[in-house]
Amino acid sequence: MNNIIVGMGEALWDVLPEGKKIGGAPANFAYHVSQFGFDSRVVSAVGNDELGDEIMSVFKEKKLNTQIERVDYPTGTVQVTLDAEGVPCYEIKEGVAWDNIPFTDELKRLALNTRAVCFGSLAQRNEASRATINRFLDTMPEIDGQLKIFDINLRQDFYTKEVLRDSFQRCNVLKINDEELVTISRMFGYPGIDLQDKCWILLAKYNLKMLILTCGINGSYVFTPGVVSFQETPKVPVADTVGAGDSFTAAFCASILNGKPVPEAHKLAVEVSAYVCTQSGAMPELPQVLKDRLL
């Protein structure tokens, strides 16, 4: 069984008032998967610039395996500003390196040895990276237990109905939050029914193995054909929520690949995500007691 797990898409710097922090869901996902003993890879692109050098050195420091191309575009940045109430506003720069991830022979070899991949909608805003992500998904061999996780991240206006539909058709696990589900329902015309009904519709329409719905403080659900798992969101002292959703996806993915039943995988995902909320930054080291749950 091929055992490599890939996080594919944006690698960037969040430029905050107090300085810059490394960002991008694929790296967060790959980092947390690796904490459970899996061979993970971050697939992205950075520029031939200082910011790109710094991203590579942070990943090296974190002992993260990468397949990151250097391209002739600037390394991605997100300008984060705070309004008068302290609410962050994001300006995601366009025409950057992660918009232009090339499909190489090396990437093809990786796809042939990948057991699970997590990808989102943001990295598909540009045709170059979208084509690479789709080729990667289509190159992965069809094997039992394979996971193609589409973790939607609707940002600004960087998504279209066509891109979303295409990703629904290519994935077998969909992860979505309650706000995104409302947006999707408007776009695809599922009005006047409750959130759970919308989830069952998506699960059946796209023949998904699983649909994960997160509802913030109101808990989370995992829908599989005929069965639904619900977990309450633990009450914890929150340092910040950055990367918590990615750690949820990573823990859930690692558990399922380790043969754990859905409710058990779901419970661990919720606990890992809650722990990450108590720590600063997206990539804290997990306590051994959480890592040992997969043994």
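These numbers come from the heavy atoms of this one structure, side chains and all, not from hydrogens, waters or symmetry mates.
By the 4.0 Å N-to-carboxylate-O rule, Arg130 lies too far from Asp166 to be salt-bridged with it. Remark: Glu285 engages Lys291 in a salt bridge, criterion side-chain N to carboxylate O under 4.0 Å. Using a 4.0 Å cut-off between charged nitrogen and carboxylate oxygen, Glu232 and Lys267 do not count as a salt-bridge pair. Residues Lys20 and Asp14 are not paired through a salt bridge, judged by the lack of any N-O separation under 4.0 Å between the basic side chain and the carboxylate. Lys93 and Asp99 are not joined by a salt bridge, as no carboxylate oxygen comes within less than 4.0 angstrom of a charged side-chain nitrogen. Contact check on Asp157 versus Arg155 returns no salt bridge, with no Lys/Arg side-chain nitrogen under 4.0 Å from an Asp/Glu carboxylate oxygen.
A 4.5 Å side-chain heavy-atom check between Ser220 and Phe248 finds at least one atom pair inside the cut-off. A heavy-atom distance below 4.5 Å is found between the side chains of Leu195 and Val182. Looking at heavy atoms from C-beta onward, Val42 lies out of side-chain contact with Asn65 at the 4.5 angstrom threshold. Counting only heavy atoms from C-beta outward, the side chains of Ile149 and Thr249 approach each other to under 4.5 Å.
Of the possible donor and acceptor atoms, none in the side chain of Asn207 sits under 3.5 Å from a partner among the backbone N and O of Leu203. Under the 3.5 Å distance criterion, the side-chain polar atoms of Ser129 are matched with a main-chain donor or acceptor of Trp98. Between the side chain of Asp49 and the main chain of Gly52, a donor-acceptor pair closer than 3.5 Å is present. The main-chain N or O of Glu106 is found under 3.5 Å from a side-chain atom of Gln67 such that the two form a donor-acceptor pair. Although no hydrogens or angles enter the test, the distance criterion places a donor-acceptor pair under 3.5 Å between the side chain of Lys198 and the main chain of Tyr190. Under a 3.5 Å cut-off, the side chain of Thr241 and the backbone N or O of Ala244 do not form any donor-acceptor pair. Of the possible donor and acceptor atoms, none in the side chain of Ser273 sits under 3.5 Å from a partner among the backbone N and O of Val270. Without hydrogens or angle criteria, Glu10 side chain to Gly120 main chain gives no donor-acceptor distance under 3.5 Å. With hydrogens and angles ignored, the 3.5 Å screen pairs a side-chain donor or acceptor of Lys175 with a backbone N or O of Gly245. At distances below 3.5 Å, at least one donor-acceptor pair connects side-chain atoms of Glu180 with backbone N or O atoms of Asn177.
Classified by interplanar angle (parallel below 30°, tilted 30° to 60°, perpendicular above 60°), the ring pair Tyr206/Phe168 is tilted. Using bins of under 30°, 30° to 60° and over 60° for the plane-to-plane angle, the ring pair Phe230/Tyr221 lands in the tilted bin.
Considering every non-hydrogen atom in both Val173 and Leu147, the closest pair reads CG2-CD2, 4.0 Å. Closest non-hydrogen pair, Gln146 versus Asn172, comes out as O-ND2, 3.0 Å. Across all their heavy atoms, Pro284 and His32 have their closest contact at O-CE1, 3.7 Å. In plain terms, the two heavy atoms of Ile4 and Arg41 that are nearest each other are CG2-CG, 3.9 Å. Nearest heavy-atom pair, Phe150 versus Ser121, reported as atom, atom and distance to 0.1 Å: CE1-N, 3.6 Å. Minimum heavy-atom separation, Leu294 to Ser255: CD2-OG, 3.4 Å.
Hydrophobic clustering (ILVMFWY, side-chain heavy atoms < 4.5 Å, transitive): Ile256 and Leu213 are in distinct clusters. Grouping the Ile, Leu, Val, Met, Phe, Trp and Tyr side chains by contacts below 4.5 angstrom, directly or via other members, places Val242 apart from Trp13. One hydrophobic cluster, built from ILVMFWY side chains closer than 4.5 Å, holds both Leu51 and Val46. In this structure, Met210 is not a member of the same hydrophobic cluster as Val227, with clusters built from ILVMFWY side-chain heavy atoms closer than 4.5 Å. In the hydrophobic clustering of this structure, Leu164 groups with Ile176; members are Ile, Leu, Val, Met, Phe, Trp, Tyr whose side-chain heavy atoms approach within less than 4.5 Å, directly or through other members.
The hydrophobic cluster containing Val238, built from Ile/Leu/Val/Met/Phe/Trp/Tyr side-chain heavy atoms closer than 4.5 Å, also comprises Val236. Other residues sharing a hydrophobic cluster with Tyr73 under the 4.5 Å side-chain heavy-atom criterion for ILVMFWY residues are Val71.
A 6.0 Å sphere centred on CG of Asp194 holds more than 12 heavy atoms belonging to other residues, nucleotides or ligands. In Glu50, the CD atom is not crowded: 12 or fewer heavy atoms of neighbouring residues, nucleotides or ligands sit closer than 6.0 Å. For Asp138, the CG atom is densely surrounded, since the number of other residues' heavy atoms within 6.0 Å is greater than 12. Taking a 6.0 Å sphere around CD of Gln196, one finds it holds more than 12 heavy atoms contributed by other residues, nucleotides or ligands.
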Exercise for review: Assess whether side chain to side chain donor-acceptor pair (under 3.5 Å) is satisfied between Asn218 and Asp178, documenting all intermediate values.
Suggested key: CA-CA 10 Å; Asn218 297 315; Asp178 47 358; 5.1 Å; no
Exercise for review: Could you walk me through whether Leu208 and Cys171 pass the side-chain contact (heavy atoms from CB on, under 4.5 Å) test, one step at a time?
Suggested key: CA-CA 7 Å; Leu208 302 172; Cys171 74; 3.7 Å; yes
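Both cation-pi conditions hold for Lys161 and Phe188: the charged atom is under 6.0 angstrom from the six-membered ring centre and inside a 45 degree cone around its axis.
Taken to the nearest 0.5 Å, the CD1 atom of Ile133 stands 10.0 Å off from the CG atom of Leu107.
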